Amino acid sequence: MSETRVVRVPLRFANSYLVIGRQTIIVDTGDPGYSQGILKAIQANDLKQSDISMIFLTHGHIDHFGSVYELRRKLDVPVAIQRIDEPYLLEGIQAPLYPRNTAARLIKAMGNDMQVKKRYDLQAELVFDDEMDLQEFGVDARVVSTPGHTLGSASLVLPEGTAIVGDLLIHKHFLFGKPCPPPFIHDKRKHTESMHKLIDMGVTKFLPGHGRAIDLKEIQSRYVK
Ligand SMILES: [Zn+2]
């Protein structure tokens with residue numbers, strides 16, 4: 001196995017990640033209008049556009065896939081998403097937001113009807129159900145379905161106990177504060193099962209869609225008995 005390096009690319013509110021192995025996978029693309037930030041990060045890490053093998057989207061929310069349409073015009077690589085969330089990507093709309101509290105209800109009122117206008121006929125070439133091995137895309141890792149936040153959420157799991165988890169976990173104040181479950185959870189039971197699934201797979205470092213990395217120690221009182 002070759003060594004894999006993960007670079008966080010903060011794009012205003014959301015993170016994109018570069019997973020760099022023999023080739024490089026882009027995970028999530030931020031809100032619409034942020035493709036340049038990702039292209040700059042590729043350059044800044046001494047990578048060429050031809051090193052990119054695919055784009056993996058953790059779920060069907062616009063702050064995670066909004067720039068994929070413009071990015072795909074620059075990079076001729078397949079786009080991967082879990083099957084249940086694929087329709088939101090194709091339509092450029094939000095997967096349903098299920099608020100857990102009052103603050104989330106207010107955010108929902110603002111974010112619910114968002115739509116990405118310029119979609120340039122994007123197709124998702126790699127639609128998966130449970131999991132997908134990423135060896136053929138040049139990275140020793142796999143994506144596994146981790147539903148709960150949305151029903152089609154998925155995470156990229158690296159062999160050394162790191163996972164890029166989208167909005168499976170978030171910080172209390174979005175970009176900072178204590179780690180906690182996200183403000184929107186479509187299915188609470190599935191969300192808890194997904195957390196246990198990753199912990200059982202040996203994940204100890206969670207790279208979320210917003211803000212800094214989260215260590216298992218910070219959340220284990222909630223999830224580890
Ligand atoms: Zn989300």
Side-chain angles (χ1 to χ4, degrees), residues 8-17 26-34 37-38 55-69 71 79-116 119 122 124 127-128 143-157 163-195 197-198 206-214 219:
R8 176 159 83 103
V9 184
L11 304 164
R12 194 173 61 152
F13 298 128
N15 294 325
S16 174
Y17 290 94
I26 298 171
V27 182
D28 285 346
T29 64
D31 286 296
Y34 285 87
I38 297 170
I55 301 167
F56 162 60
L57 301 169
T58 57
H59 65 289
H61 283 154
I62 291 174
D63 55 341
H64 294 257
F65 70 70
S67 280
V68 72
Y69 312 93
L71 198 59
V79 172
I81 190 164
Q82 211 272 4
R83 187 176 310 280
I84 296 170
D85 276 14
E86 184 201 12
Y88 310 110
L89 170 70
L90 299 184
E91 295 288 317
I93 57 174
Q94 298 279 31
L97 301 170
Y98 286 83
R100 288 199 303 131
N101 51 39
T102 310
R105 272 187 279 280
L106 290 171
I107 304 171
K108 176 179 172 171
M110 293 186 291
N112 212 24
D113 297 327
M114 273 179 75
Q115 187 170 15
V116 183
R119 298 200 299 280
L122 180 117
V127 178
F128 60 93
V143 294
V144 298
S145 108
T146 47
H149 171 62
T150 67
L151 296 182
S153 289
S155 302
L156 186 151
V157 183
I164 304 175
V165 299
D167 288 346
L168 185 68
L169 286 171
I170 204 157
H171 299 277
K172 191 160 191 278
H173 308 291
F174 200 56
L175 292 176
F176 61 95
K178 261 173 61 173
C180 58
F184 301 103
I185 296 188
H186 190 141
D187 186 318
K188 199 166 180 298
R189 183 180 56 83
K190 285 192 169 132
H191 180 268
T192 305
E193 283 171 6
S194 294
M195 281 302 304
K197 178 177 176 177
L198 292 184
F206 299 80
L207 305 179
H210 309 274
R212 64 164 176 86
I214 296 165
I219 51 153

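Read the numbers this way: they start at 1 and go in the same order the structure lists the ligands and their atoms. As the structure is a computational prediction, the values presented were derived from the model and not from experiment.
- Among Asp85, Thr29, Asp167, the single residue meeting the side chain to side chain donor-acceptor pair (under 3.5 Å) criterion with His64 is Asp167.
- Around the Zn ion (ligand 1), protein atoms of type N, O or S found under 2.8 Å number 4.
- With sequence neighbours left out, His191 forms a side-chain contact (heavy atoms from CB on, under 4.5 Å) with Leu168, Pro181, Pro182, Ile185, Met195, Tyr223.
- A salt bridge links Arg189 and Glu193; the closest N-O separation between the charged side-chain nitrogens and carboxylate oxygens is under 4.0 Å.
- Among residues two or more places apart in sequence or in another chain, the salt bridge (charged side-chain N to carboxylate O under 4.0 Å, His left out) test is passed with Arg8 by none.
- Among residues two or more places apart in sequence or in another chain, the side chain to side chain donor-acceptor pair (under 3.5 Å) test is passed with Ser16 by none.
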message = Evaluate Val116 against Arg119 for side-chain contact (heavy atoms from CB on, under 4.5 Å), listing each step before the verdict.
response = CA-CA 7 Å; Val116 183; Arg119 298 200 299 280; 4.3 Å; yes
